[in-house]
Amino acid sequence: MSSPTPDALLGPADVRELAAALGVRPTKQRGQNFVIDANTVRRIVRTAEVRPDDVVVEVGPGLGSLTLALLEVADRVTAVEIDDVLAAALPATVAARMPGRADRFALVHSDAMHVTELPGPAPTALVANLPYNVAVPVLLHMLDTFPSIERTLVMVQSEVADRLAAGPGSKVYGVPSVKANWYAEVKRAGAIGRNVFWPAPNVDSGLVSLVRRSEPLKTTASKAEVFAVVDAAFAQRRKTLRAALAGWAGSAAAAEAALVAAGVSPQARGEALTVEEFARIAEHKE
């Protein structure tokens with residue numbers, strides 16, 4: 001493995017020069033905020049516990065700040081980029097800054113929400129600075145589509161990080177928390193300041209670590225059936241589950257019967273339940 005040059009990573013001047021050369025202006029529509037600090041991307045790679053044998057998939061690589069840091073450590077990196085200009089430029093950036101690792105890099109020019117396969121070996125890790133407006137659906141889609149992903153570390157808006165990592169009983173516990181927990185053990189893994197981005201966002205960012213469950217959740221209900229209960233419970237989160245699940249079950253009485261059979265109080269609210277309890281309710285739908 002050839003070692004990368006010391007200045008292979010992108011600094012603030014490099015990012016701005018690259019963007020200027022490509023005529024790229026970060027857009028709010030795509031949630032683009034480029035990381036301009038080499039220490040931050042190396043910290044992300046360390047926190048993600050990327051190993052030399054990892055095959056990493058990265059979503060939304062932008063100009064390549066995190067991509068290059070991942071290539072320093074991982075066996076392979078596959079980046080998924082929707083933007084035409086950024087997707088066209090990234091392989092050249094990798095080749096110029098890490099020529100000895102360029103053959104370990106692959107680019108998929110696509111919307112991550114539509115990706116169903118990736119080139120090369122199956123990914124073992126997902127590491128990404130996710131665009132804030134699509135962070136949760138992209139994360140859940142990737143975890144669902146690629147069961148080989150064992151470890152995930154994503155940088156998202158701080159509030160989204162709180163929601164993903166929240167446990168039952170928390171005010172911010174909701175649909176993202178439960179669905180992420182279906183796949184993985186989820187926890188906050190740090191905070192990222194605004195000054196490491198260009199342009200600086202008007203929100204703070206947080207890191208979320210997801211380690212896939214070694215054994216899938218034990219339930220006879222399908223994922224779709226469980227997620228239907230979750231969606232119904234939180235659509236009217238102020239209501240008791242007896243009322244909130246009436247539409248899902250067919251009536252309030254049917255909802256109550258399913259809840260009682262699952263060992264859950266009909267007077268409880270969705271924010272109090274674990275993913276295992278939601279699965280039990282799904283199993284008892286008549």
Side-chain angles (χ1 to χ4, degrees), residues 1 4 8-10 15 18-19 21-27 29-35 41 44-45 48 50-156 180 183-184 207-208 210 212:
M1 183 186 291
L9 301 195
L10 300 175
V15 170
L18 258 176
L22 297 171
V24 168
R25 299 176 75 99
T27 70
Q29 180 195 354
R30 289 206 169 139
Q32 288 170 332
N33 298 92
F34 300 129
V35 182
V41 289
I44 290 169
V45 173
V50 175
R51 302 188 294 250
D53 60 345
D54 270 322
V55 178
V56 179
V57 58
E58 180 191 6
V59 174
L63 292 167
S65 301
L66 179 56
T67 314
L68 294 166
L70 288 165
L71 274 168
E72 280 190 332
V73 181
D75 182 47
R76 292 177 177 276
V77 176
T78 300
V80 181
E81 177 57 68
I82 189 173
D83 186 286
D84 296 344
V85 175
L86 295 173
L90 189 53
T93 301
V94 170
R97 301 188 80 91
M98 285 190 184
R101 305 288 291 150
D103 62 336
R104 299 286 178 166
F105 173 72
L107 182 110
V108 175
H109 180 195
S110 177
D111 179 342
M113 287 298 293
H114 299 149
V115 169
T116 55
E117 56 184 7
L118 295 166
T124 57
L126 166 66
V127 184
N129 169 20
L130 290 177
Y132 293 161
N133 48 352
V134 294
V136 171
V138 165
L139 173 63
L140 296 177
H141 170 74
M142 295 299 286
L143 289 173
D144 195 54
T145 307
F146 301 103
S148 60
I149 293 173
E150 299 160 9
R151 284 162 291 116
T152 294
L153 188 80
V154 291
M155 176 160 53
V156 293
Y183 299 103
L207 298 174
V208 182
L210 301 97
R212 191 178 290 272

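Closest approach of Arg76 to Asp103, counting heavy atoms only: NH1-O, 3.9 Å. Here the shortest heavy-atom pairing between Pro61 and Ala79 reads CG-CB, 3.6 Å. Residue Ala88 comes nearest to Pro91 through the heavy atom pair O-CD, 3.8 Å, listed as atom of the first residue, atom of the second, then distance. Residues Leu63 and Ala19 approach most closely at CD1-CB, 4.2 Å, considering heavy atoms. Smallest separation of non-hydrogen atoms from Leu210 and Ala184: CB-CB, 3.8 Å. Contact record, Val127 with Ala48: CG2-CB, 3.8 Å, taken as the closest heavy-atom pair.
The shortest distance between side-chain heavy atoms of Val24 and Phe34 falls below 4.5 Å. Within the 4.5 Å cutoff, no side-chain heavy atoms of Val45 are placed close to those of Glu72. Counting heavy atoms from C-beta on, the side chains of Met155 and Leu66 never come closer than 4.5 Å.
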Show me, pair by pair, the donor-acceptor contacts under 3.5 angstrom made by side chains of residues 107-120, not counting sequence neighbours?
from	atom 1	to	atom 2	distance (Å)
His109	NE2	Ile82	O	3.4
His109	NE2	Asp84	OD1	2.9
Asp111	OD1	Met113	N	2.9

Verdict with reasoning, Thr152 to Met142, per side-chain contact (heavy atoms from CB on, under 4.5 Å): CA-CA 10 Å; Thr152 294; Met142 295 299 286; over 6 Å; no
Worked verdict on Val156 versus Leu139 for side-chain contact (heavy atoms from CB on, under 4.5 Å): CA-CA 10 Å; Val156 293; Leu139 173 63; over 6 Å; no
side-chain contact (heavy atoms from CB on, under 4.5 Å) between Arg51 and Thr124, intermediate numbers included: CA-CA 10 Å; Arg51 302 188 294 250; Thr124 57; over 6 Å; no
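Summarising the geometry, atom CG belonging to Leu22 is positioned 7.0 Å from atom CG belonging to Leu86; distances are rounded to the nearest 0.5 Å. Separation of atoms CG (Leu126) and CG (Leu143) is listed at 6.5 Å; rounding is to 0.5 Å.
Of the candidates Leu10, Leu71, Thr67, Arg97 forms a side chain to side chain contact (heavy atoms under 4.5 Å, CB included) with just one, namely Leu10. Across Thr78, Thr93, Leu90, a single residue satisfies side chain to side chain contact (heavy atoms under 4.5 Å, CB included) together with Phe105, and that is Leu90.
One N or O on the side chain of Ser65 and one on the backbone of Val35 form a donor-acceptor pair closer than 3.5 Å. Here the side chain of Glu150 pairs no donor or acceptor atom with the backbone of Arg212 at under 3.5 angstrom. No donor-acceptor pair under 3.5 Å is formed between the side chain of Asp144 and the backbone N or O of His141. One N or O on the side chain of Arg101 and one on the backbone of Ala74 form a donor-acceptor pair closer than 3.5 Å.
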